[in-house]
Participant: 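I have a structure I would like to understand better, so I am pasting it below and will then ask my questions one at a time.
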Amino acid sequence: MPRRLKPADFLRDAPEMARLLIGAVLLVDGVGGRIVETEAYDREDPASHSHSGPTPRNQAMFGPPGRAYVYRSYGIHWCLNFVCREEGHGAGVLIRAIEPLAGVATMIERRGLHEPRLLCSGPGRVGQALAIVHALNGHRLDQRPFAVHAADRDYDVVVGPRIGITKAADVPWRFGMAGSKFLSRGFPK
DNA sequence: TTGGGGATCTTCT
DNA sequence: GAAGATCCCCAAC
């Protein structure tokens with residue numbers, strides 16, 4: 001079993017961290033799988049929640065690295081980020097898609113779907129399938145219910161522009177596992 | 001296969 | 001008052 005990531009492993013800038021997390025395994029209470037899609041956000045980035053400085057909503061992004069930043073998306077979904085870089089900077093990685101490996105029956109029940117490809121292919125879907133709730137905001141990623149294991153080998157990574165944003169829409173800070181069938185959508189050639 | 005609308009909440013203008 | 005790091009369902013092509 002590959003080693004678990006600890007807070008010191010998150011002392012990197014957001015794009016580097018986002019790429020490194022492709023192939024890592026995320027479990028929440030034993031439910032989860034392999035991360036196949038991420039996006040990087042940074043304080044200098046106009047599309048980031050942290051761009052305008054700390055607020056009650058985004059304070060976890062300015063806390064210690066190696067913790068979760070959980071936010072409500074479109075008033076409905078809970079989305080999960082990993083805080084990275086140094087404390088106080090406001091950098092993070094959005095977990096956009098996972099290949100389901102563990103606790104698949106639980107995910108099927110939570111999602112109300114049985115199609116494996118649709119269980120975790122999108123940030124809101126990941127939140128629902130892994131039971132991400134706001135109580136996990138600011139929670140350490142190396143302590144229960146979280147467990148993050150480093151990638152077991154090198155994976156080919158594809159890069160492209162981020163999804164669903166209007167500012168800095170051309171910045172290529174979206175990362176995906178090449179050839180994965182569990183991406184939220186394809187990458188442009 | 002593509003496109004529009006609804007659900008629902010926080011932040012900022 | 002509007003927009004947003006989204007998803008789902010239905011209608012129309």
Side-chain angles (χ1 to χ4, degrees), chain A residues 10 13-22 24 26 28 33 35-63 65 67-85 89-100 107-139 141 157-177 181-189:
Chain A
F10 293 84
D13 64 30
E16 182 187 352
M17 194 73 226
R19 184 187 179 102
L20 190 76
L21 285 170
I22 298 299
L26 166 65
V28 181
I35 296 170
V36 298
E37 184 180 339
T38 60
E39 281 178 2
Y41 290 90
D42 187 270
R43 182 164 185 173
E44 279 79 46
D45 166 16
S48 173
H49 290 170
S50 61
H51 182 61
S52 299
T55 67
R57 174 211 209 185
N58 66 21
Q59 60 176 341
M61 282 189 87
F62 292 91
R67 302 200 184 198
Y69 163 49
V70 176
Y71 72 94
R72 175 87 85 178
S73 174
Y74 289 87
I76 298 179
H77 310 287
W78 292 108
C79 298
L80 174 65
N81 292 253
F82 292 175
V83 178
C84 65
R85 206 162 161 168
H89 185 85
V93 176
L94 171 67
I95 307 303
R96 284 195 55 91
I98 285 173
E99 174 182 348
M107 293 192 234
I108 289 171
E109 186 179 341
R110 289 171 178 162
R111 294 274 296 118
L113 293 167
H114 53 79
E115 174 69 46
R117 209 175 50 85
L118 296 178
L119 287 178
C120 301
S121 57
R125 291 166 173 170
V126 169
Q128 187 182 18
L130 301 197
I132 301 299
V133 291
H134 193 236
L136 295 173
N137 190 41
H139 199 283
L141 295 170
V157 174
V158 288
V159 182
R162 294 171 293 182
I163 290 179
I165 60 173
T166 54
K167 303 163 193 162
D170 54 340
V171 176
W173 276 10
R174 176 180 178 231
F175 300 85
M177 183 181 293
K181 296 177 173 56
F182 298 91
L183 299 172
S184 65
R185 48 169 298 188
F187 281 73
K189 278 190 284 190

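Predicted model only: the values in this text are computed from it and were never measured. Chain identifiers are assigned alphabetically (A, B, ...) following the order of the sequence lines, protein sequences preceding nucleic acid strands; residue numbering begins at 1 within each chain.
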Participant: Hey, is the side chain of A:T166 poking within less than 4.0 Å of OP1 or OP2 on C:dA3, counting only N and O atoms?
Facilitator: no
Participant: Could you go through residues 131-139 of chain A and list every donor-acceptor pair under 3.5 Å that involves a side-chain atom there, pairing it with any protein atom two or more places apart or in another chain?
Facilitator:
from	atom 1	to	atom 2	distance (Å)
A:N137	OD1	A:V70	N	2.8
A:H139	NE2	A:R144	O	3.3

Participant: Measure from CZ on A:R185 to C1' on C:dC7 and round the result to the nearest Å.
Facilitator: 14 Å
Participant: Is the Lys NZ or Arg CZ of A:R67 less than 6.0 Å from the centre of A:F82's six-membered ring, within 45° of the axis?
Facilitator: no
Participant: State which residues pass side-chain contact (heavy atoms from CB on, under 4.5 Å) with A:S52; sequence neighbours excluded, sorted by chain then number.
Facilitator: none
Participant: When you compare C:dA5 with B:dT2, how far apart are their P atoms, in angstrom units rounded to a whole number?
Facilitator: 25 Å
Participant: Does a side chain donor of either A:S184 or A:R96 reach within less than 3.5 Å of an acceptor in the other side chain?
Facilitator: yes
Participant: Within residues 111-131 of chain A, find the residues that approach DNA chain C with a heavy atom at under 4.0 Å, and present them sorted by residue number.
Facilitator: A:R111, A:G122, A:P123, A:G124, A:R125
Participant: A:R174 CZ to C:dT6 C1': how many Å, rounded?
Facilitator: 14 Å
Participant: I would like to know whether A:T38 and A:I22 meet side chain to side chain contact (heavy atoms under 4.5 Å, CB included); could you show each step before the answer?
Facilitator: CA-CA 7 Å; A:T38 60; A:I22 298 299; 3.8 Å; yes
Participant: Given 3.5 Å as the limit, does a donor-acceptor pair link the side chain of A:N58 with the main chain of A:M61, or not?
Facilitator: no
Participant: For residues 70-83 of chain A, pull every pair meeting salt bridge (charged side-chain N to carboxylate O under 4.0 Å, His left out), keeping only residues two or more places apart or in separate chains.
Facilitator: none
Participant: In whole angstrom, what separates A:F175's CZ from C:dA5's C1'?
Facilitator: 15 Å
Participant: Which part of the nucleic acid, if any, lies within contact of A:S52, taking any heavy atom under 4.0 Å across all strands shown: a base, the sugar-phosphate backbone alone, or nothing?
Facilitator: nothing
Participant: List in chain and number order the residues that pass side-chain contact (heavy atoms from CB on, under 4.5 Å) with A:Y74, two or more places apart in sequence or in another chain; answer none if no residue qualifies.
Facilitator: none
Participant: On DNA chain B, which is the earliest and which the latest nucleotide, 5' to 3', with an atom closer than 4.0 Å to a heavy atom of chain A?
Facilitator: B:dA7 to B:dC12
Participant: A:L20: which residues meet the side-chain contact (heavy atoms from CB on, under 4.5 Å) condition with it, sequence neighbours left out?
Facilitator: A:R12, A:M17
Participant: Looking just at side-chain N and O atoms, do A:D42 and A:H89 make a donor-acceptor pair shorter than 3.5 Å?
Facilitator: yes
Participant: With the threshold set at under 4.0 Å for non-hydrogen atoms, list the residues of residues 71-80 of chain A touching DNA chain C in residue-number order.
Facilitator: A:Y71, A:S73, A:Y74, A:H77
Participant: Where does DNA chain C form stems of at least three consecutive Watson-Crick or G-U wobble pairs, each pair having both distances below 3.5 Å?
Facilitator: B:1-7 with C:6-12, B:9-12 with C:1-4
Participant: Suppose we screen for side-chain hydrogen bond (donor to acceptor under 3.5 Å, both in side chains). Which residues come up paired with A:Q128, at least two apart in sequence or across chains?
Facilitator: A:R111
Participant: Just how far, in rounded Å, is P of C:dC7 from CD1 of A:I132?
Facilitator: 14 Å
Participant: Which residues satisfy the salt bridge (Lys or Arg N to Asp or Glu O under 4.0 Å) test with A:R162, sequence neighbours excluded?
Facilitator: A:D45
Participant: Whole angstroms only, please: what is the CZ-C1' distance between A:R162 and C:dT6?
Facilitator: 16 Å
Participant: Mind checking what makes side-chain contact (heavy atoms from CB on, under 4.5 Å) contact with A:S73, not counting sequence neighbours?
Facilitator: A:Y71, A:H77, A:C79
